[in-house]
Amino acid sequence: LHDGACLATYADTHILDLTAGGYFDMGTAIGEVMASIGTDYTLSINIFVPAEATAVTGVVWCFATADGNGYLLLDAAGPRFAITLNGSDHEQGVTGKSTLTKGAWNHVVIAASNQTVRIYVNGVSTSKTVRVTPGELGSSIRNFMGRGPDGSTATCGLLLNDFRLYKERLSVSDIVR
């Protein structure tokens, strides 16, 4: 935990509190897991946007290479999932149909199968063809919550809970529960 990020309890649930800024470094071991992911995977997280937030922006989670040019990330603005091997000019991704709701928990899921990536925001989905897989990045070493691929801290001011990574695409019924 760095620069104001802290673990807290919210309604009897353990959370990562980024409302004061900061970020959480997930370490390099999760980067090795990301490198082993094929074409089917699911990433999910619960995001609370404070009601007083003036804007919903910032990187929620990021897995990046040493130089920060190869990454996959979830940006709260949109929300938007992006992946690239060669910097932001070459991003592929998908943006949710609905924005994150202020003053409430939001469930965001990225589910991929073959080259179709679907983003679910509170059960509402949209999809797009994405030709890059997490495994193509190799072992990411910049693995953060609340920090971008270039190592800059993007103060997102969010509460995060229940981040999950599956090496398979979950079914729709599993996602919208």
Side-chain angles (χ1 to χ4, degrees), residues 1-3 5 16 18 21-49 53 55-100 106-112 115-121 125-167 169:
L1 296 169
H2 302 275
D3 301 335
L16 175 61
L18 301 175
Y23 65 97
F24 172 61
D25 185 339
M26 294 184 276
T28 58
I30 195 167
E32 294 170 20
V33 173
M34 295 303 291
S36 71
I37 293 176
T39 59
D40 292 8
Y41 59 93
T42 304
L43 296 143
S44 72
I45 194 164
N46 294 319
I47 304 169
F48 185 87
V49 180
V56 181
T57 62
V59 176
V60 176
W61 49 253
C62 176
F63 301 91
T65 57
D67 61 6
N69 285 325
Y71 57 82
L72 73 149
L73 62 77
L74 177 65
D75 190 328
R80 179 180 65 92
F81 167 78
I83 187 168
T84 183
L85 299 175
N86 300 304
S88 60
D89 290 343
H90 302 281
E91 281 185 0
Q92 297 179 44
V94 60
T95 300
K97 281 185 178 179
S98 58
T99 59
L100 299 177
N106 297 269
H107 187 224
V108 179
V109 178
I110 307 301
Q115 293 183 343
T116 301
V117 176
R118 186 168 291 277
I119 185 170
Y120 293 82
V121 180
S125 71
T126 189
S127 65
K128 191 169 182 183
T129 299
V130 174
R131 292 180 178 21
V132 180
T133 66
E136 291 177 75
L137 291 174
S139 293
S140 57
I141 63 167
R142 292 179 166 193
N143 305 306
F144 306 118
M145 289 191 176
R147 190 174 195 186
D150 61 357
S152 65
T153 299
T155 305
C156 57
L158 305 170
L159 304 177
L160 306 177
N161 171 261
D162 202 18
F163 174 74
R164 295 180 185 210
L165 165 62
Y166 300 91
K167 293 172 77 173
R169 184 189 186 286

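Basis for what follows: all heavy atoms, side chains included, without hydrogens, waters or symmetry-related copies. Here, residue 1 is the first one in the sequence, and each next residue gets the next number.
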Problem set entry | Qualifying residues under side-chain hydrogen bond (donor to acceptor under 3.5 Å, both in side chains), relative to Thr65, sequence neighbours excluded | Asp67
Exercise. Distance-only, no hydrogens or angles: does the Thr84 side chain make a donor-acceptor pair with backbone N or O of Asn86 under 3.5 Å?
Worked result: yes
Exercise. What is the distance from atom CG of Leu18 to atom CG of Asp3, rounded to the nearest 0.5 Å?
Worked result: 11.0 Å
Exercise. If you measure from CD on Gln92 to CG on Leu85, what distance do you get to the nearest 0.5 Å?
Worked result: 8.0 Å
Problem set entry | Closest approach of Arg169 to Ala111 (non-hydrogen atoms, all atoms of both residues) | CG-CB, 3.9 Å
Problem set entry | Separation of Asn46 CG from Arg164 CZ (nearest 0.5 Å) | 8.5 Å
Exercise. For the side-chain contact (heavy atoms from CB on, under 4.5 Å) test, which of Ile119, Val117, Thr95 pairs with Thr126?
Worked result: Ile119
For this session: Heavy atoms only: give me the nearest Ser125-Arg118 pair and the separation to one decimal.
Result: OG-NH1, 3.0 Å
Exercise. Which one of Ile37, Val33, Leu165 satisfies the side-chain contact (heavy atoms from CB on, under 4.5 Å) criterion with Pro134?
Worked result: Ile37
Seminar exercise, completed: Residues at least two apart in sequence or cross-chain that pass side-chain contact (heavy atoms from CB on, under 4.5 Å) with Leu1, listed by chain then number, are Ala5, Leu7, Leu16, Phe24
Exercise. Just how far is it from atom NE2 of His90 to atom CG of Asn69, taken to the nearest 0.5 Å?
Worked result: 9.5 Å
Exercise. How would you list, by chain and number, every residue that makes a side-chain hydrogen bond (donor to acceptor under 3.5 Å, both in side chains) with Thr133, sequence neighbours excluded?
Worked result: Glu136
Problem set entry | Flag side-chain contact, heavy atom, 4.5 Å: Pro149 against Arg142 | no
Exercise. Can you tell if the side chain of Trp61 reaches within under 4.5 Å of the side chain of Val108, non-hydrogen atoms only?
Worked result: no
Exercise. Going from OH on Tyr166 to OG on Ser44, what distance comes out if it is rounded to the nearest 0.5 angstrom?
Worked result: 5.0 Å
Problem set entry | Close side-chain approach of Leu158 to Leu160, heavy-atom, < 4.5 Å | yes
Seminar exercise, completed: Heavy-atom closest pair (Ser139 atom, Ala35 atom, distance to 0.1 Å) is N-CB, 3.6 Å
For this session: Supply the atom-to-atom distance Ile47 CD1 to His107 NE2, rounded to the nearest 0.5 angstrom.
Result: 9.5 Å
For this session: State, with a plain yes or no, whether a side-chain heavy atom of Ile30 is found less than 4.5 Å away from one of Phe63.
Result: yes
For this session: Taking ring-ring contact (aromatic ring centres under 6.0 Å, His included) as the test, write out the residues that go with His2, two or more places apart.
Result: Tyr23
Exercise. Do Val130 and Val94 have side chains that get closer than 4.5 Å, going by heavy atoms?
Worked result: no
Return a table of donor-acceptor pairs under 3.5 angstrom between the side chains of residues 71-80 and protein atoms on other chains or two or more places apart.
residue: Tyr71; atom: OH; partner: Glu91; partner atom: OE2; Å: 2.4
residue: Asp75; atom: OD1; partner: Ala77; partner atom: N; Å: 2.9
residue: Arg80; atom: NH1; partner: Glu91; partner atom: OE1; Å: 2.6

For this session: Could you check if a side-chain atom of Phe163 sits within less than 4.5 angstrom of a side-chain atom of Leu43, using non-hydrogen atoms only?
Result: yes
Exercise. Considering residues at least two apart in sequence or located in another chain, which fulfil the side-chain contact (heavy atoms from CB on, under 4.5 Å) criterion with Thr116?
Worked result: Ser127
